[in-house]
There are 2 protein chains.
Amino acid sequence: MGKMEYNLDQIDYQILRIMQDNARTNNADIARELGMAPSAILERVKKLEQKEVILQYNAKINPNALDQKMLSFIFIKAQDIIGVQKVGFLLAEIPEVQEVHDIAGDDGYLVKVRTNDAAGLVDLMRNTLGKIEGIISTRTTIVLETVKEEQKLVIPAKK
Amino acid sequence: MGKMEYNLDQIDYQILRIMQDNARTNNADIARELGMAPSAILERVKKLEQKEVILQYNAKINPNALDQKMLSFIFIKAQDIIGVQKVGFLLAEIPEVQEVHDIAGDDGYLVKVRTNDAAGLVDLMRNTLGKIEGIISTRTTIVLETVKEEQKLVIPAKK
DNA sequence: TTAAAATTTAGAATTTTATTCGATATGAAT
DNA sequence: ATTCATATCGAATAAAATTCTAAATTTTAA
């Protein structure tokens, strides 16, 4: 698994470029833009899904609309065996935790967390992180303002 | 701006919950699940878009499929005037930069960057970051492995 | 509490899009 | 050249989105 040829061509890239910007673009529009038939686009998209090039479609929701105004990054030092992310998996189970990265250096994790407010963060750290075995220490960085937050990848241009 | 009442009810939350998981779920399916008419769902979704509760729909693309195997976080100390993120905006313009956060503490930014490999990172730092005026210093954290990476928000449950 | 106004919903009609499928083309391997 | 696999097109069909109006519900104000 993971060992696979994706073999994407320029048409795939163009489709990905469009879908990355608006996942609800319909086949007819994509077809028009690429000068192809809608059915051909459909085939391509299905194949991209099947090959797990497109992993999922999601709606980006405004955190403010759900009153989630606080964003933090927490460095977590753990006593995990290298390569076995026991603590990592436990962290990943927490709904407020959006990202968990195993990072080089201080043998630990970098975790991205979204909460309503500072109280929510404190609560999470005390009641949820606090109960995870194997956490040695944490260091929290608070986000004052987010300038950019996207997950768009740079898609190779025509050669 | 930003001062607005979202006034979301349980039905909206349910719709958001569904759309957050799969932005291509059709109205008929949502309607069935919520016991409503498709046209009512359509109205709701349109309103959610209009109120900017739903910000956009995007396809999550597998970074490996585009050979982007390297993920890094860079702390950037800048000489920006507080509240005026000149450097922040310049960083946000870089395609490989997915996130730019103004963080508390060392008056700087936390930046999330995706490149093909280590060489790509070095190249970016030298040729792109290196040309931005006002950057005092950088500290880079390299991600060895990502355990979780989502942007899903915790949606309030029924009261 | 009641009445008017505004909003939301259902359901049918219509338009648009997705999907299927056979025919044709393209390309690589034999 | 022949076979096999893959892609595309284009028409036909199925499904979904969208529009619209009347009825129902909720909100507001009297």
Side-chain angles (χ1 to χ4, degrees), chain A residues 1-62 64-67 155-159, chain B residues 3-62 64-67 155-159:
Chain A
M1 224 193 319
K3 277 281 176 299
M4 145 177 253
E5 276 309 317
Y6 291 104
N7 261 103
L8 306 179
D9 61 17
Q10 276 306 316
I11 296 174
D12 291 317
Y13 285 159
Q14 294 192 77
I15 292 173
L16 291 176
R17 215 171 277 125
I18 292 168
M19 294 294 271
Q20 187 170 233
D21 277 320
N22 179 7
R24 301 195 109 187
T25 310
N26 62 50
N27 294 330
D29 283 343
I30 300 177
R32 204 166 304 128
E33 192 162 337
L34 305 196
M36 294 172 68
S39 54
I41 302 297
L42 180 69
E43 289 297 321
R44 290 264 188 171
V45 171
K46 278 189 168 173
K47 209 150 293 172
L48 289 170
E49 291 169 356
Q50 229 215 325
K51 290 194 282 189
E52 294 183 31
V53 174
I54 294 175
L55 297 174
Q56 60 178 242
Y57 301 97
N58 28 26
K60 185 175 174 183
I61 297 172
N62 189 341
N64 292 320
L66 298 180
D67 200 40
I155 297 177
K158 298 190 184 67
K159 49 167 172 303
Chain B
K3 277 280 179 298
M4 145 176 254
E5 276 309 317
Y6 292 103
N7 262 102
L8 306 179
D9 61 16
Q10 274 308 137
I11 296 175
D12 290 317
Y13 286 158
Q14 295 191 77
I15 292 173
L16 291 177
R17 215 170 277 125
I18 293 168
M19 295 293 272
Q20 188 170 232
D21 277 320
N22 179 6
R24 298 196 112 187
T25 311
N26 62 49
N27 294 330
D29 283 343
I30 300 177
R32 205 167 301 128
E33 191 162 338
L34 306 195
M36 293 173 68
S39 55
I41 302 297
L42 180 69
E43 288 297 321
R44 291 263 189 174
V45 171
K46 277 187 169 175
K47 209 152 291 172
L48 289 170
E49 291 169 355
Q50 215 225 316
K51 289 195 283 189
E52 294 181 31
V53 174
I54 295 175
L55 296 174
Q56 59 179 246
Y57 301 97
N58 29 22
K60 184 176 174 182
I61 297 172
N62 188 340
N64 292 321
L66 298 181
D67 199 41
I155 296 177
K158 297 189 184 67
K159 51 165 174 302

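Here is how names work: the chains are called A, B, and so on, in the same order as the sequence lines, proteins then strands, and each is numbered from 1.
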Handout entry: Student check: side-chain heavy atoms of B:I11 and B:M36 closer than 4.5 Å
Key = yes
Completion exercise
Expected list for residues 29-49 of chain A near DNA chain C, using heavy atoms below 4.0 Å, is A:S39, A:L42, A:K46
Practice task
Determine to 10° how strongly the helix from C:dT1-D:dA30 to C:dT30-D:dA1 is bent, judged from the axes of its five-pair ends.
Solution key: 40°
Exercise for the section: Check whether any side-chain heavy atom of A:Y13 sits under 4.5 Å from a side-chain heavy atom of B:L66, and report yes or no. Expected result: yes
Exercise for the section: Walk along DNA chain C from 5' to 3' and tell me the first and last nucleotide with an atom closer than 4.0 Å to a non-hydrogen atom of chain A. Expected result: C:dT17 to C:dT20
Practice task
Can you sort out the partners of B:N7 under side chain to side chain contact (heavy atoms under 4.5 Å, CB included), two or more places apart, ordered by chain and number?
Solution key: B:E5
Fill in the blank from the handout: The side chain to side chain contact (heavy atoms under 4.5 Å, CB included) partners of A:Q56 (sequence neighbours excluded) come to A:N58, B:K60, B:K152
Handout entry: side chain to side chain contact (heavy atoms under 4.5 Å, CB included) against A:E33, all qualifying residues, sequence neighbours excluded
Key = A:I18
Exercise for the section: Check side chain to side chain donor-acceptor pair (under 3.5 Å) between B:N26 and all other residues, then give those that pass, not counting sequence neighbours. Expected result: none
Practice task
Kindly write out the residues that satisfy side chain to side chain contact (heavy atoms under 4.5 Å, CB included) with B:R32, not counting sequence neighbours, or none if the list is empty.
Solution key: B:A28, B:D29
Practice task
Decide yes or no for B:K51 and B:L8: does some side-chain heavy atom of the first lie under 4.5 Å from some side-chain heavy atom of the second?
Solution key: yes
Practice task
Among residues two or more places apart or on two chains, list those pairs meeting side-chain hydrogen bond (donor to acceptor under 3.5 Å, both in side chains) that have a residue in residues 35-46 of chain B.
Solution key: B:D9-B:R44, B:D12-B:R44
Practice task
Spell out, as yes or no, whether a donor-acceptor pair under 3.5 Å connects the side chain of A:N62 to the backbone of B:E52.
Solution key: yes
